[in-house]
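First up is the structure itself, then whatever we jot down about it.
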Amino acid sequence: MRITAAESIVMDVLWHRSPRAAEEIAAEVADAQGWGDATVKTLLNRLLKKKAIAADRDGRRYLYRPLLSRGNYVSAESRTLLDRFFDGRVSSMVSFFSESEKLSLKEIAELKRLIAELDK
């Protein structure tokens with residue numbers, strides 16, 4: 001399932017706390033993104049069509065909740081990134097970032113810790 005950057009902002013709200021009404025979601029993200037209520041509702045409808053979220057009637061409004069877990073989304077997006085740019089190899093990705101971006105000592109320590117855990 002492909003989720004756009006704008007849709008992922010709405011998903012983040014729902015992953016953080018749900019169920020939420022469209023008005024609550026709009027209140028949280030609309031100003032920061034320069035969106036109106038209609039844009040938020042359009043994004044919610046797109047996510048409903050993709051079956052990334054569900055809507056449950058609550059009186060005169062709907063409450064939205066995620067069907068797609070954040071973990072599954074991140075896993076799929078990570079796999080797509082690895083496959084598309086790094087031939088599916090994590091080591092190629094780490095090598096790329098270590099050469100193109102200056103890694104901090106903290107980041108290097110974290111990578112070493114992760115590798116040590118994998119060795120166990």
Side-chain angles (χ1 to χ4, degrees):
M1 171 183 318
R2 298 291 303 156
I3 293 178
T4 67
E7 292 165 348
S8 72
I9 292 169
V10 172
M11 290 299 296
D12 279 336
V13 171
L14 294 173
W15 285 323
H16 183 259
R17 194 182 85 200
S18 64
R20 307 279 298 269
E23 297 77 24
E24 294 173 304
I25 298 167
E28 190 163 329
V29 300
D31 286 344
Q33 299 300 320
W35 297 342
D37 289 352
T39 300
V40 172
K41 289 178 182 177
T42 297
L43 293 169
L44 287 167
N45 284 324
R46 286 176 17 193
L47 290 165
L48 282 166
K49 287 179 185 173
K50 293 178 181 184
K51 297 190 183 336
I53 64 172
D56 302 308
R57 191 175 263 306
D58 180 44
R60 296 176 50 117
R61 66 182 185 165
Y62 286 94
L63 296 178
Y64 299 91
R65 60 183 167 82
L67 294 175
L68 174 65
S69 75
R70 186 176 189 287
N72 286 343
Y73 171 69
V74 169
S75 179
E77 287 295 306
S78 299
R79 176 53 45 201
T80 298
L81 175 77
L82 279 175
D83 291 344
R84 185 171 175 198
F85 296 109
F86 303 104
D87 296 322
R89 296 179 41 215
V90 173
S91 60
S92 294
M93 182 182 71
V94 172
S95 176
F96 172 80
F97 282 108
S98 68
E99 292 169 6
S100 65
E101 303 287 327
K102 184 72 174 160
L103 296 177
S104 70
L105 292 176
K106 183 178 178 182
E107 290 170 317
I108 292 169
E110 179 68 11
L111 286 171
K112 287 179 180 178
R113 186 189 64 74
L114 290 170
I115 290 169
E117 284 181 21
L118 289 172
D119 281 341
K120 290 182 182 179

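This structure is a prediction, so every number in the text was calculated from the model and none was measured.
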Polar side-chain atom of [X] near backbone of [Y] as donor-acceptor pair, under 3.5 Å:
| X | Y | answer |
| --- | --- | --- |
| R57 | G59 | yes |
| T80 | A76 | yes |
| W15 | L68 | yes |
| S95 | S91 | no |

Is the closest basic N to carboxylate O distance between [X] and [Y] below 4.0 Å?
| X | Y | value |
| --- | --- | --- |
| R79 | D83 | yes |
| E23 | R61 | no |
| E117 | K120 | no |

Can you name the salt bridge (Lys or Arg N to Asp or Glu O under 4.0 Å) partners of E99, sequence neighbours left out?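 Partners of E99 under the salt bridge (Lys or Arg N to Asp or Glu O under 4.0 Å) test: none.
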Considering residues at least two apart in sequence or located in another chain, which fulfil the ring pair (Phe, Tyr, Trp, His ring centres under 6.0 Å) criterion with Y62?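 Per chain and number, Y62 pairs via ring pair (Phe, Tyr, Trp, His ring centres under 6.0 Å) with no residue.
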Co-membership, hydrophobic cluster, residues [X] and [Y], 4.5 Å side-chain:
| X | Y | value |
| --- | --- | --- |
| I115 | I108 | no |
| V10 | M1 | yes |
| L118 | L114 | no |
| F96 | L103 | yes |

Atom CG of residue position D56 - does it have more than 12 heavy atoms of other residues, nucleotides or ligands inside 6.0 Å?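 More than 12 heavy atoms, drawn from other residues, nucleotides or ligands, come within 6.0 Å of this atom.
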Within 6.0 angstrom of R84 CZ, more than 12 heavy atoms from elsewhere: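 Check fails, neighbour count at 12 or below.
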From the options V29, I25, L43, V40, select the one residue that forms a side-chain contact (heavy atoms from CB on, under 4.5 Å) with I9.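 Testing each of V29, I25, L43, V40 against I9, the sole residue satisfying side-chain contact (heavy atoms from CB on, under 4.5 Å) is V29.
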Walk me through whether L67 and R65 qualify under side chain to side chain contact (heavy atoms under 4.5 Å, CB included). CA-CA 7 Å; L67 294 175; R65 60 183 167 82; 3.4 Å; yes
Roughly how far, to the nearest 0.5 Å, is [atom2] of [Y] from [atom1] of [X]?
| X | Y | atom1 | atom2 | value |
| --- | --- | --- | --- | --- |
| L14 | R70 | CG | CZ | 13.0 Å |
| K50 | E7 | NZ | CD | 3.5 Å |
| L44 | R20 | CG | CZ | 11.0 Å |

Can you name the nearest heavy-atom pair linking [X] to [Y], along with the distance?
| X | Y | value |
| --- | --- | --- |
| P66 | M11 | CB-CE, 4.1 Å |
| A55 | L48 | N-CD2, 3.7 Å |
| R2 | E77 | NH1-OE2, 3.0 Å |
| Y64 | A21 | CD1-C, 4.4 Å |
| S8 | Y73 | CB-OH, 3.9 Å |
| P19 | L63 | CB-CB, 3.7 Å |

Is any side-chain heavy atom of L81 closer than 4.5 Å to one of M93?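 Counting from C-beta outward, M93 and L81 do come under 4.5 Å.
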